[in-house]
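Start at 1 with the first residue, then count along the sequence.
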Amino acid sequence: MRIEHIAMFVRDLEAARVFFTEYLGGHSNSGYLNKTTDFRSYFITFDDGARLELMNKPQVANADVSAEHMGYTHIAFSVGSREKVDELTERLRLAGYEVKSGPRTTGDGYYESCIAAIEGNLIEITV
């Protein structure tokens, strides 16, 4: 068994697609539009086969992602080394994304940083 994909609703579909392709190396499909419901999506595929579905539909309510809450809280991306964690974290900071923590070694041994990226959703960058 494996996770086939993870999906997230976003307000700015194009900005989300650019984030995951430009900064995290994903590859986007050409997109999908259901003209009846105005549902739009992109599948972003990463080199190891993992996929993320970015979705937009005008009727979907906004959630408060600024505080801890029950449910999914972040997506973690492994970049391969401490140096790459440091480099990508700094690149994202310089691009205007908020670094919430790190880079640091956590109590459970992960070397990571946490970025408030797409519309405040948390992206963890790990070794």
| query | Okay, side chain of N29, backbone of Y42: is any donor-acceptor separation there less than 3.5 Å? | reply | no
| request: Give, for atom CD1 of I6 and atom CD of E53, the distance between the pair rounded to the nearest 0.5 Å. | output: 11.5 Å
| note | Taking every heavy atom of L24 against every heavy atom of I123, the minimum-distance pair comes out as CD1-CG2, 4.2 Å
| request: Could you walk me through whether L92 and V99 pass side-chain contact (heavy atoms from CB on, under 4.5 Å), step by step? | output: CA-CA 8 Å; L92 290 166; V99 177; 5.9 Å; no
| query | Do you know the tightest heavy-atom contact between I118 and A16? | reply | CD1-CA, 3.7 Å
| message | Rounded at 0.5 Å granularity, tell me how far CZ in R104 sits from CZ in R82. | response | 12.5 Å
| Shortest non-hydrogen contact from S41 toward L13 | N-CD2, 4.0 Å
| said: Let's go through L122 and T73 carefully: what are the C-alpha distance in whole Å and the side-chain angles of both, what is the deciding distance for side-chain contact (heavy atoms from CB on, under 4.5 Å) to 0.1 Å, and is it a yes or a no? | reply: CA-CA 7 Å; L122 301 178; T73 59; 5.5 Å; no
| query | F77, I115: one ILVMFWY side-chain cluster at the under-4.5 Å cut-off? | reply | yes
| R17 and E14 ion-paired at < 4.0 Å | yes
| message | Looking at Y110, is its backbone amide N or carbonyl O close enough to the side chain of T105 to form a donor-acceptor pair, meaning the two atoms are under 3.5 Å apart? | response | no
| Where T36 and N34 come nearest, the two heavy atoms and their spacing | N-OD1, 2.9 Å
| field | Shortest non-hydrogen contact between I44 and G26, atoms and distance | value | CG2-CA, 3.7 Å
| query | Under 3.5 Å, side chain of E119 to main-chain N/O of R11, donor-acceptor pair present? | reply | yes
| Shared ILVMFWY cluster between L88 and V18, side chains joined below 4.5 angstrom? | no
| With a 4.5 Å heavy-atom cut-off, do L33 and D38 have their side chains touching? | yes
| note | One should read off an interatomic distance between T21 OG1 and L54 CG, to the nearest 0.5 angstrom, of 9.5 Å
| task | State plainly whether the residues E98 and K100 are in salt-bridge range, i.e. N to O under 4.0 Å. | result | yes
| task | May I ask you to test the F39-V60 pair for a side-chain heavy-atom distance under 4.5 Å? | result | no
| field | F19 and Y97 aromatic centres sub-6.0 Å | value | yes
| query | Could you state the interatomic distance from CZ (R40) to CG (N56), rounded to the nearest 0.5 Å? | reply | 7.5 Å
| task | Could you give me the CA-CA distance, side-chain angles and deciding distance for E22 and R91, then say whether side-chain contact (heavy atoms from CB on, under 4.5 Å) is met? | result | CA-CA 11 Å; E22 182 175 328; R91 183 175 171 212; 3.7 Å; yes
| request: Could you check E87 against K84 for salt bridge (charged side-chain N to carboxylate O under 4.0 Å, His left out), going step by step and ending with a plain yes or no? | output: CA-CA 5 Å; E87 290 169 8; K84 288 182 180 178; over 6 Å; no
| message | I'd like to know if the side chain of E112 and the backbone of T106 have a donor-acceptor N/O pair within less than 3.5 Å. | response | no
| request: Look up atom OH in Y111 and atom CD in E83, then write down how far apart they are to the nearest 0.5 Å. | output: 8.0 Å
| said: Taking atom CD1 as the centre, does I3 end up with more than 12 heavy-atom neighbours from other residues, nucleotides or ligands that are less than 6.0 angstrom away? | reply: no
| If you round to the nearest 0.5 Å, how far is CZ of F43 from CZ of F20? | 14.0 Å
| query | Is Y32 reachable from M55 through a run of hydrophobic residues whose side-chain heavy atoms are each under 4.5 Å from the next? | reply | yes
